[in-house]
Amino acid sequence: MKTPDAIAVGAFLDDRHVELAARIADFSAREIALLPEPADDGAGRAQARRILELLGREGWFAPIRDQDLRACCLIREALAAASPLADAVFALQALGSLPIVLAGSADLKQRWLPAVQAGRAMASFAMTEPEAGSDIAALATTARHDGGGPDYILRGTKTLISNAGIADFYTVFASTDASLGAKGISCFVVPAETPGLRFVGPQVLSAPHPLGEITFTDCRVPAAYRLGEEGEGYRLGLATLDRLRATVAAAACGMAARALEEALAHALSRRQFGKPLAEFQLVQQKLAGMAIDLTAARLLVYRAAWESDRGAARVTLEAAMAKAFATEAAQRIVDAGVQVLGGRGLLASHPLDRLYRSVRALRIYEGTTEIQHLIVAGQLLRAAKAAGSNP
Ligand SMILES: Cc1cc2nc3c(=O)[nH]c(=O)nc-3n(C[C@H](O)[C@H](O)[C@H](O)COP(=O)(O)OP(=O)(O)OC[C@H]3O[C@@H](n4cnc5c(N)ncnc54)[C@H](O)[C@@H]3O)c2cc1C
């Protein structure tokens, strides 16, 4: 993170975060930024596994286990600026393993967390289904006891799942009692090699991101692989999303910061009508708008992460505000960056084009912007009602 933004969010950071921000920026520039954009989905999947090992070897997954949200945000910012694929690798390692950190038995923690942290095991978070996107409580995957025995039999389909096909385990949400709706959803850790779990195939995006569909056909899962009690899965899923939502917003800031950096450099070096673009006030207006949006987004991000790190029971409101604003702002900023670059910004080889293709997904995954707005309004209205301000 570069000044003046480091100063803007400094109030929310400890000294160790400032030091970490410098280290991850240096690591990203040396090890991540130079990675070529994968030529196709297969190459993207292979690169994701290599990035996993690299991040694990260098210890970058430790803040996930430690639930140091500000560190996770700083790491995602730096990775996203260098490579949106590297950011996705970090994001999924967090999303797939945090439920184990929060609710796993000692055995499950021992089996998976050291491997996750070292980059030897790739995590995945399998919630979305063909008929259950924003409306997660509608999920149709079932986990039923087999003839009264302790094992569960999983049946169903999960779609739009990051790391599908390359993950070592899936954190899966399934209904153990459909009559209870959301309260009947449970969460399981399912190793990728479990018989009955099948990778159907990739779902290819315009930006490198390993995505795909998996199915469960009579997939037997021991009761010991359940996270928390039966029926606690929905709450665990929401708590995980709640905690990590600010990090999605941080990734958006990373992409936006890179776009601003590229736009500033181009505005200073490119000459038209006899002078640098930077001297035209219409270009300056764009640069200023980008910077204002970015700083506002970062303030929301690090405010939410700081609240979480200092022990707030929930950061639902703060995280939803951060995600809604930062991801929408990042889209505007990257778009403005392309405009400042002109035609060169649209060349597939240019970093801005990759950002343009990558930033779009952030407004959709882990809760769309519309869902964040509903969360914010819901929190406001609940507080207003509790305060007795309804007429
Ligand atoms: C790159 C990428 C990676 C992903 N990775 C994962 C993953 O690893 N694991 C996983 O489980 N899922 C993953 N997803 C899925 C993602 O979480 C869903 O796409 C998201 O939750 C939205 O669901 P949907 O696509 O079914 O859209 P829908 O829920 O069908 O929504 C479509 C549109 O309707 C709007 N809408 C829906 N309900 C309302 C409402 N009540 N009020 C107003 N508007 C509404 C939405 O905001 C959206 O604009 C990923 C998606 C993408 C794009």
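When a ligand or atom number is given, it counts from 1 through the structure's own listing order. Numbers for residues simply follow the sequence, beginning at 1.
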Can you check salt bridge (charged side-chain N to carboxylate O under 4.0 Å, His left out) on D68 and R16, steps first, answer last? CA-CA 11 Å; D68 182 344; R16 70 193 157 89; 2.4 Å; yes
Just distances here: any N/O of [X] and N/O of ligand 1 closer than 3.5 Å?
X: A126; answer: no
X: F125; answer: yes
X: I371; answer: no
X: S134; answer: yes
X: D135; answer: no
X: S162; answer: yes

What is the nearest protein non-hydrogen atom to [atom], stated with its residue, atom name and distance?
atom: atom 1 (C) of ligand 1; result: L205 CD1, 3.6 Å
atom: atom 2 (C) of ligand 1; result: Y365 CD2, 3.7 Å
atom: atom 20 (C) of ligand 1; result: I364 O, 3.6 Å
atom: atom 10 (C) of ligand 1; result: T128 OG1, 3.3 Å
atom: atom 50 (C) of ligand 1; result: L160 O, 3.3 Å
atom: atom 24 (P) of ligand 1; result: G133 CA, 4.0 Å

Salt bridge check: are [X] and [Y] linked by an N-O gap of less than 4.0 Å?
X: E307; Y: R303; value: no
X: R57; Y: E53; value: no
X: D168; Y: R49; value: yes
X: K323; Y: E328; value: no
X: R111; Y: D107; value: no

Heavy atom of protein closer than 4.0 angstrom to [atom]:
atom: atom 15 (C) of ligand 1; answer: yes
atom: atom 30 (O) of ligand 1; answer: no
atom: atom 37 (C) of ligand 1; answer: yes

Could you tell me which atoms of ligand 1, counted from 1 in the order shown, lie closer than 4.0 angstrom to a heavy atom of [X]?
X: A361; result: 1 (C)
X: E370; result: 44 (N), 46 (C), 47 (O), 49 (O)
X: L374; result: 40 (C), 41 (N), 42 (N)
X: E366; result: 17 (O)
X: L92; result: 8 (O)

Can you label the angle between the F273 ring and the F280 ring as parallel, tilted or perpendicular, going by 30° and 60°?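 Judged by the thresholds at 30° and 60°, the geometry between F273 and F280 is perpendicular.
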Straight-line distance of R245 CZ to L95 CG, nearest 0.5 Å: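 Reported value, rounded in 0.5 Å steps: 10.0 Å.
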Side chains of [X] and [Y] in contact at under 4.5 Å (non-hydrogen atoms):
X: D177; Y: E230; value: no
X: L98; Y: R243; value: yes
X: F173; Y: F125; value: yes

Ignoring hydrogens, just give me the one of T368, L211, L241, I136 whose non-hydrogen atom is nearest atom 22 (C) of ligand 1.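 The option holding the nearest heavy atom is T368.
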Which of these passes side chain to side chain contact (heavy atoms under 4.5 Å, CB included) with K158: V200, L139, T128?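 When V200, L139, T128 are each tested with K158, the side chain to side chain contact (heavy atoms under 4.5 Å, CB included) holds only for L139.
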What do the steps show when you test Y302 against R70 for side-chain hydrogen bond (donor to acceptor under 3.5 Å, both in side chains), and what is the final call? CA-CA 7 Å; Y302 289 94; R70 284 169 294 172; over 6 Å; no
